[in-house]
Amino acid sequence: MLSIALVVIGLVLLAVLAIRLRRGLRGLRRTTSMVTTAAGDRAGLLRARSAALGVAVARRRGPRKIHTIER
């Protein structure tokens with residue numbers, strides 16, 4: 001009878017720990033998703049700024065002259 005009570009108590013404790021672990025993992029998954037989204041947004045903004053800077057530099061240089069070899 002004592003062993004059955006210990007097994008039941010152990011299973012209850014295991015269930016409680018599993019529920020807490022699941023909640024923690026859910027929060028971790030949510031946080032990971034938010035960080036990934038924020039990093040992607042910042043990377044996109046960085047690419048856009050870099051492209052805009054390239055356009056500004058190209059405009060400042062003026063039209064490019066193409067050197068050709070005439071035969």
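Please read these numbers as outputs of a predicted model, since none were measured by experiment.
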For Leu11, which of Val8, Ile9, Val7 qualifies under side chain to side chain contact (heavy atoms under 4.5 Å, CB included)? Val7
Residues 35-43, side-chain donor-acceptor partners within the protein, below 3.5 Å, at least two apart:
unit_1 : atom_1 : unit_2 : atom_2 : d
Thr36  : OG1    : Thr32  : O      : 2.8
Thr37  : OG1    : Ser33  : O      : 2.9

Working to the nearest 0.5 angstrom, can you tell me the gap between Arg20 CZ and Leu17 CG? 7.5 Å
Set of side chain to side chain contact (heavy atoms under 4.5 Å, CB included) partners for Arg60, sequence neighbours left out: none
